[in-house]
Amino acid sequence: MASKLVMIVAIVLDLIAFGLAVAAEQRRSTATIRKDSEDEYNMCVYDSDISTGYGVGAFLLLLASQILIMVASRCFCCGKALNPTGSRACAVILFIFCWITFIIAEACLLAGSVRNAYHTKYRTIFSEQPPSCETVRKGVFAAGAAFVFFTGIISQFYYASYSKARGAFQPYGGEANVGMGRI
């Protein structure tokens, strides 16, 4: 039977990570081009950098959730053998998809956070062309949030099917009980 405490903690971590990823998308840095006080050159001025913190927070919470699920399930490779039923086959497939969506989510969150923290200090002196003020593309954190959501759902199903396959295995048809007392 799956531990309800593990599932609840993992759900809470995934929901907070999802919320932080959505907040990071909403609060991405934007840049404006401004002239200096002497009107000699143009430069990029960036607003709030809070989405980097949100992205890193979502990254770490999703990582904690994944570690929790993998430790609770012994990362599918340690421990006693599982019952060769549909639950084990389902657990194997969900294990693979869980790691794929986790890696994609972590890549999106990390790339978005790094790119959002990078601010160009580019200036143009006596030039007609404005500077290139680079910011994170719209949708990077949103893609991370979507894959955080998918990872959370898939990891819950993985843990439940793993626990079902682990708990159902009883060699030799179950434990042999011999009544030794009076009836």
Side-chain angles (χ1 to χ4, degrees), residues 1-32 44-79 82 86-120 133-168:
M1 186 70 184
S3 170
K4 290 180 180 149
L5 180 63
V6 169
M7 293 183 82
I8 289 171
V9 170
I11 286 172
V12 168
L13 290 174
D14 288 333
L15 286 176
I16 295 171
F18 177 75
L20 287 175
V22 169
E25 177 65 29
Q26 296 298 319
R27 300 288 308 260
R28 289 179 295 112
S29 291
T30 57
T32 56
C44 299
V45 177
Y46 293 88
D47 64 349
S48 174
D49 195 27
I50 192 76
S51 64
T52 299
Y54 288 158
V56 170
F59 176 88
L60 293 175
L61 287 172
L62 183 63
L63 181 65
S65 172
Q66 186 78 358
I67 289 171
L68 177 69
I69 293 290
M70 291 303 135
V71 166
S73 68
R74 297 180 194 102
C75 198
F76 201 69
C77 58
C78 301
L82 300 178
S87 295
R88 182 177 76 173
C90 186
V92 169
I93 292 168
L94 289 171
F95 177 79
I96 293 167
F97 282 124
C98 179
W99 275 103
I100 290 170
T101 58
F102 170 75
I103 290 170
I104 293 171
E106 293 286 286
C108 288
L109 293 172
L110 186 62
S113 296
V114 167
R115 188 70 183 143
N116 191 65
Y118 177 71
H119 294 162
T120 57
C133 300
E134 298 179 12
T135 59
V136 111
R137 292 182 66 129
K138 187 175 184 176
V140 173
F141 287 117
F147 279 101
V148 165
F149 182 73
F150 294 144
T151 302
I153 291 172
I154 292 170
S155 66
Q156 292 296 314
F157 284 127
Y158 158 70
Y159 183 63
S161 64
Y162 173 83
S163 297
K164 184 177 178 185
R166 184 185 64 195

Discussion item. Nearest 0.5 Å, please: how far is CE in M7 from CG in L68?
Written reply: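 Between atom CG of L68 and atom CE of M7 there are 11.0 Å.
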Worksheet item: Do the side chains of F141 and Q26 get nearer than 4.5 Å, heavy atoms only?
Response: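 No, too far: nothing below the 4.5 Å cut-off.
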I need the minimum non-hydrogen distance between [X] and [Y], along with the two atoms involved.
{"X": "V140", "Y": "C108", "answer": "CG1-O, 3.5 Å"}
{"X": "Y159", "Y": "I69", "answer": "CB-CD1, 4.1 Å"}
{"X": "E25", "Y": "A142", "answer": "OE1-N, 3.2 Å"}

Worksheet item: By side-chain hydrogen bond (donor to acceptor under 3.5 Å, both in side chains), which residues pair with S161, not counting sequence neighbours?
Response: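 Testing S161 for side-chain hydrogen bond (donor to acceptor under 3.5 Å, both in side chains), a comparison that skips the adjacent residues, returns none.
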Worksheet item: Of all residues at least two apart in sequence or in a different chain, which pass the side-chain hydrogen bond (donor to acceptor under 3.5 Å, both in side chains) check with Y54?
Response: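 For Y54 there are no side-chain hydrogen bond (donor to acceptor under 3.5 Å, both in side chains) partners, ignoring immediate neighbours.
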Worksheet item: S65: what forms a side-chain contact (heavy atoms from CB on, under 4.5 Å) with it, not counting sequence neighbours?
Response: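 Checked S65 against side-chain contact (heavy atoms from CB on, under 4.5 Å); matches are A10, L13, D14.
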Counting only pairs under 3.5 Å, give me each side-chain donor-acceptor contact of residues 55-64, with atom names and distances, residues two or more places apart or in other chains.
none

Item to complete: Please step through side chain to side chain contact (heavy atoms under 4.5 Å, CB included) for the pair R166 and R74, ending with a clear verdict.
Response: CA-CA 11 Å; R166 184 185 64 195; R74 297 180 194 102; 3.5 Å; yes
Name every donor-acceptor pair, under 3.5 Å, that has one atom in a side chain of residues 144-156 and the other anywhere in the protein, sequence neighbours excluded.
| from | atom 1 | to | atom 2 | distance (Å) |
| --- | --- | --- | --- | --- |
| T151 | OG1 | T101 | O | 3.3 |
| T151 | OG1 | T101 | OG1 | 3.0 |
| T151 | OG1 | F102 | N | 3.3 |
| T151 | OG1 | F147 | O | 2.7 |
| S155 | OG | T151 | O | 3.0 |
| S155 | OG | G152 | O | 3.1 |

Practice prompt. For atom CZ of R88, decide whether the heavy atoms of other residues, nucleotides or ligands shown that lie under 6.0 angstrom number more than 12.
Written response: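 Check passes, neighbour count above 12.
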Practice prompt. Start with the C-alpha gap between M70 and C98, add the side-chain angles, then the distance that decides, and say whether side chain to side chain contact (heavy atoms under 4.5 Å, CB included) holds.
Written response: CA-CA 10 Å; M70 291 303 135; C98 179; 4.2 Å; yes
